[in-house]
Amino acid sequence: MLGLIRRRPPTADYNLQRTKHAVSYLLIKMGFPLDIFKKDPDKYFILNYAPIFAKLNDFEKILIMQKSKVVEYNKGDSIYRQGEPPSAFYCVISGRVRIFTQPQSAPGGPAHHFPGSGINTGKVTLEYLNCGKYFGMISVLTGEQHSVNAEAANDSKILELTQEDFKIILHKIPKLAIDLSQTLSRRLKKKDYIEKRIFESNIISIFSAVAKTGKSIYAINLALSLKKETARSVILINIAEDERGVYRDFGAQASRENGADALCTVKLDASFPSEDSIKSAICVDSPSGVSIVNVMYESANLSYAARLNAFLTYLTGSYHYIIVDMPALTEEAIFNILNQSDAIHVITGYDRGDLKSLKSLLSYLFKKINYPQEKIKIILNAQEEPLRLSHKEAADILNYNVFAVLPYLKEQYRRPATAAKRIVWESPELEYVRCVRRIARELGDVRVGLALGGGAAFGLAHIGVLKVLEKENMPIDMVAGTSMGGLIAALWTSGLSAEEVERIFLAYNNNRRKTYGLLFDFYIHKMSIAKGGKIRKFLERHIGSKTFQDVNIPLRIVACNITKRKEVIYSSGRLVDAVMASIAIPGVFAPTKIDNDLIIDGGIVEPVPIGTLVRMGIKKIIAVNVLPSPDDAIRNYAFKHELREEEKKAAQLKNAWGRLIFRIRSGFYDCLFPNIMDIIVGSIQAMEYVIAESDCQKADILMHPIENGVDWIDFFKVEMLIKKGEEEAVKTLSAIKSVLNE
């Protein structure tokens with residue numbers, strides 16, 4: 001009989017549970033404690049956030065956790081010194097590490113002089129390494145002495161693997177060895193990279209399949225912006241089909257002064273040009289310091305691609321960034337050159353026909369280019385105004401992610417006969433320039449992120465912080481917001497200035513009735529006491545139907561999928577929908593329902609969204625935590641108690657009627673507060689502060705603007721809270737400038 005019973009086929013959840021049990025059993029058999037991740041939060045963080053480790057499976061991550069250790073360094077501590085034997089493989093968890101060279105002095109002798117550097121004393125900084133960056137790899141793998149110094153630029157935590165353990169891990173995790181070997185090959189393109197002070201070069205090709213897409217203007221200004229934002233060496237190579245395509249208005253004066261060809265042209269004939277002829281052909285743009293050289297394209301010459309690739313490889317030892325303005329051709333030689341690039345930026349217009357042609361070209365490129373598709377970046381360039389197609393429509397036609405959208409550039413800036421090609425230097429206020437600047441900062445790995453945390457009414461202090469950052473022209477390349485921080489971030493990045501956001505909220509200043517009328521549309525529901533409909537209308541009035549593709553600065557908004565107990569990061573869709581999901585305080589505002597999942601306040605999982613910025617590759621993070629600490633809560637309680645005692649004393653001096661009014665008002669207050677909402681929100685914020693305090697250690701700059709006498713519900717104390725945010729931002733200005741200038 002038992003044999004006739006039909007067994008239900010195992011479900012996906014059942015199979016997943018069995019897998020988990022099997023994994024747990026294997027971990028125990030292998031000697032791994034099941035709470036290993038809980039015991040090492042710093043290791044858990046870096047193994048999930050650092051790109052080099054994030055794609056590994058759990059077994060591989062646990063192996064690294066077992067073999068590694070976390071070491072803390074104080075600012076100025078040496079991690080290793082130039083000339084010392086190999087020590088370990090290092091990965092930055094928090095803080096910043098400076099990589100630099102220093103002339104070595106022989107006993108009683110002069111300091112070593114670096115050829116071509118003009119420097120024989122002092123330190124030469126190569127780069128700063130932030131969270132997720134690794135170093136020490138070359139010495140560990142080659143067995144050679146360290147060729148650079150590494151020291152903690154500020155208090156830092158470093159994941160360290162000894163040389164022996166590192167080699168064991170590479171043997172057991174082959175895909176990690178492959179990824180690291182690719183980095184190693186780039187860093188060893190030129191053996192003398194230290195002498196020329198180049199730690200790692202990047203070749204970025206700018207390509208378009210059709211003419212007149214704004215390709216050259218973009219290439220020129222990308223090079224200028226990279227130089228301006230990173231202060232590193234940049235060369236711009238223009239591969240011209242004929243004399244008409246030669247850059248004629250860059251560096252000509254400098255070339256004539258040096259007795260070189262005014263057109264800055266190098267010839268790649270049958271024999272590779274001498275070092276002297278290359279140096280004489282390269283000229284420098286005097287305003288920016290960008291090196292420029294023209295190279296004539298020889299389509300009929302079968303060996304041309306190989307000679308140009310050799311030329312590019314030669315330059316990798318002298319320049320951090322090599323920008324190549326490619327001809328608008330689809331020939332085998334062009335694809336061969338593109339294949340040597342570290343990244344390809346494909347420029348296209350919004351015209352439907354161009355987009356369809358590009359879609360076909362991409363399919364061909366993916367077959368011809370022998371590296372990951374994500375290295376190919378699509379950049380939409382608006383050639384007319386207004387646009388015929390939206391950003392989303394263009395992306396749908398391409399069926400490929402769009403990396404960036406360049407705003408429309410007026411004709412006066414596109415005339416080839418004018419020196420306005422240097423738009424980055426001449427017209428920094430243009431939105432086109434801001435966009436190119438953000439691209440350059442991403443390529444240069446110097447992006448600055450702003451994390452605005454949750455905190456209900458306390459979050460109004462964010463507006464004051466934004467006012468100061470805006471006034472000081474601080475570069476912000478990405479904003480991440482949680483709950484109230486997400487609401488303020490959405491308003492600001494949608495195109496409103498900080499002062500405009502301030503004016504919106506000042507309409508509610510000291511007006512309880514108007515404020516509570518906006519917040520609470522009470523209704524009978526099993527999950528909350530307010531629906532949030534009025535807040536939605538408020539947001540739609542000021543943001544409209546804008547999406548994440550319409551913002552001026554890249555934005556991420558954090559929410560929590562309470563059904564699946566996981567974080568939700570909004571990066572697409574309507575801004576209003578993302579904000580409404582992120583501000584849904586449990587029990588207070590109705591959650592958002594998506595595919596039977598309930599989405600609530602993002603502060604539950606990430607009260608200050610620093611981790612979100614880290615995962616997006618942001619290296620310098622300014623965080624604003626508006627959640628009160630336990631000490632803040634004690635001070636606030638004492639402040640309000642003292643204030644009430646003063647009011648009580650003042651009431652005693654009044655007549656009987658005045659004393660009666662005070663007693664009635666006090667009794668009414670005692671009946672209403674604290675209430676169930678205070679208990680819920682207070683409990684949540686207490687929990688969130690503990691999470692935030694840990695996460696905020698990974699920020700470079702932390703602001704904590706807390707004002708006494710304010711509760712989570714006091715959204716009407718607008719002016720007071722904004723002022724507090726301004727004061728806190730002004731206090732940290734010097735620290736911000738110091739971090740941004742490193």
Side-chain angles (χ1 to χ4, degrees), residues 407-408 428-435 437-438 448-511 514-515 517-519 534-557 570 574-580 582-583 622 624 626 703 705 707 714-730 733 736:
Y408 174 73
E429 76 284 354
L430 295 178
E431 187 57 38
Y432 181 95
V433 171
R434 294 193 186 102
C435 184
R437 181 172 177 245
R438 283 194 291 270
V448 176
L450 178 63
L452 302 182
F458 304 114
L460 289 168
H462 291 315
I463 301 172
V465 172
L466 293 177
K467 284 180 66 180
V468 174
L469 295 179
E470 201 174 82
K471 181 181 177 182
E472 296 292 327
N473 292 317
M474 293 296 178
I476 301 297
D477 302 293
M478 179 172 284
V479 184
T482 294
S483 194
M484 189 62 180
L487 188 151
I488 301 297
L491 288 168
W492 188 56
T493 60
S494 69
L496 297 171
S497 68
E499 287 191 354
E500 288 172 325
V501 176
E502 180 184 35
R503 282 197 294 272
I504 289 171
F505 284 95
L506 281 176
Y508 299 87
N509 189 46
N510 293 328
N511 193 327
K514 186 176 180 180
T515 301
L518 171 66
L519 293 175
K534 291 184 179 181
I535 298 178
R536 178 178 284 275
K537 289 180 181 178
F538 166 86
L539 291 171
E540 288 175 342
R541 185 163 66 250
H542 297 292
I543 297 177
S545 58
K546 289 186 177 180
T547 68
F548 281 84
Q549 282 68 44
D550 299 318
V551 295
N552 292 341
I553 301 173
L555 172 67
R556 298 293 183 270
I557 292 180
Y570 285 96
R574 295 177 75 243
L575 293 176
V576 171
D577 294 337
V579 172
M580 289 303 299
S582 184
I583 65 173
I622 302 169
V624 187
V626 296
M703 299 183 212
E707 184 65 75
D714 293 344
F715 287 91
F716 55 87
K717 295 183 179 179
V718 180
E719 189 173 5
M720 177 192 299
L721 287 163
I722 292 176
K723 184 179 179 181
K724 187 63 179 180
E726 287 185 75
E727 292 172 353
E728 184 73 9
V730 169
L733 266 181
I736 294 173

Show which side-chain atoms of residues 534-544 pair as donor or acceptor with protein atoms under 3.5 Å away, not counting sequence neighbours.
unit_1	atom_1	unit_2	atom_2	d
Lys534	NZ	Gly517	O	3.1
Arg536	NH1	Asp577	OD1	3.0

I'd like to know if the side chain of [X] reaches the main chain of [Y], judged simply by a donor and an acceptor atom lying under 3.5 Å from each other, with no hydrogens or angles considered.
X      : Y      : value
His462 : Gly725 : no
Asn509 : Glu719 : yes
Asp477 : Val448 : yes
Asn511 : Lys514 : yes

Can you name the residues that form a side chain to side chain donor-acceptor pair (under 3.5 Å) with Ser483, not counting sequence neighbours? Asp601

Set out, in order, the CA-CA distance, both residues' side-chain angles and the distance that settles side chain to side chain contact (heavy atoms under 4.5 Å, CB included) for Ile722 and Glu726, then state yes or no. CA-CA 6 Å; Ile722 292 176; Glu726 287 185 75; 3.9 Å; yes

By the salt bridge (Lys or Arg N to Asp or Glu O under 4.0 Å) test, which pairs, at least two apart or in different chains, include something from residues 491-507? Lys467-Glu502

Inter- and intrachain pairs under salt bridge (Lys or Arg N to Asp or Glu O under 4.0 Å), touching residues 482-492, at least two apart: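 Sorted pair list comes back empty.
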
Under 3.5 Å, sequence neighbours excluded: what are the donor-acceptor pairs made by side chains of residues 485-493?
unit_1	atom_1	unit_2	atom_2	d
Trp492	NE1	Glu470	OE2	2.8
Thr493	OG1	Ala489	O	2.8

Would you indicate whether the side-chain heavy atoms of [Y] and [X] approach each other to under 4.5 Å?
X      : Y      : value
Ser545 : Thr547 : no
Arg437 : Tyr432 : no
Val626 : Leu460 : no
Lys546 : Val551 : no
Leu452 : Thr482 : no

Give a yes or no on whether Glu727 atom CD has more than 12 heavy-atom contacts from other residues, nucleotides or ligands under 6.0 Å away.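 Yes, the 6.0 Å shell around CD holds more than 12 heavy atoms from other groups.
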
State which residues pass salt bridge (Lys or Arg N to Asp or Glu O under 4.0 Å) with Arg434; sequence neighbours excluded, sorted by chain then number.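 Checked Arg434 against salt bridge (Lys or Arg N to Asp or Glu O under 4.0 Å); matches are Glu431.
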
